[in-house]
A.B. asks: 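Sharing a structure, written as structure tokens. Questions coming.
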Amino acid sequence: MALLHILSAAALAAAVAIAGDAVTAPDTNPTAAELAYADAPYGVDPMVTGPVSKGFETRRQIAGCDLARWPDIPLACYPD
């Protein structure tokens with residue numbers, strides 16, 4: 001019975017160690033959008049939900065905004 005407790009404790013310690021290695025620290029380097037919109041405490045959503053000019057639509061296509069994934073969103077994807 002004591003051996004079972006020792007093995008259980010060892011397995012728990014190993015699981016905690018493995019889980020600890022899987023957690024990574026967040027990137028502390030701000031993105032271009034975070035720098036451009038520093039006064040927006042909750043960020044700015046690059047998702048366009050309304051009508052846009054043809055120029056902005058073209059700019060978004062050139063920048064690849066539809067394929068961009070957070071946090072690597074080009075600044076060109078955000079409205080002026």
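Side chains included, hydrogens not; waters and symmetry mates left out as well; all remaining heavy atoms used. Along the sequence shown, the residues carry numbers beginning at 1.
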A.B. asks: Can you tell whether the side chains of Glu57 and Lys54 come within less than 4.0 Å, N to carboxylate O?
C.D. replies: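 So Glu57 pairs with Lys54 through a salt bridge.
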
A.B. asks: Looking only at non-hydrogen atoms, find the nearest pair between Tyr78 and Trp70 and report the distance.
C.D. replies: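 Closest approach of Tyr78 to Trp70, heavy atoms only: OH-CZ3, 3.6 Å.
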
A.B. asks: Taking Ala76's backbone N and O only, do any of them form a donor-acceptor pair with Arg59's side chain (distance below 3.5 Å, no angle check)?
C.D. replies: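 Between the backbone of Ala76 and the side chain of Arg59 there is a qualifying donor-acceptor contact (under 3.5 Å).
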
A.B. asks: How close do Pro74 and Ala68 get, heavy atom to heavy atom, and via which atoms?
C.D. replies: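 That would be CD-CB, 3.8 Å.
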
A.B. asks: When you compare the side chain of Tyr37 with that of Leu75, does any pair of heavy atoms fall below 4.5 Å?
C.D. replies: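 Yes, at least one pair of side-chain atoms sits under 4.5 Å.
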
A.B. asks: Roughly how far, to the nearest 0.5 Å, is SG of Cys77 from CG of Asp72?
C.D. replies: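 Spacing of CG (Asp72) from SG (Cys77) equals 11.0 Å.
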
A.B. asks: What are the two closest non-hydrogen atoms of Asp66 and Arg60, and how far apart are they?
C.D. replies: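 Taking Asp66 first and Arg60 second, the nearest heavy atoms are OD1-NH2, 3.5 Å.
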
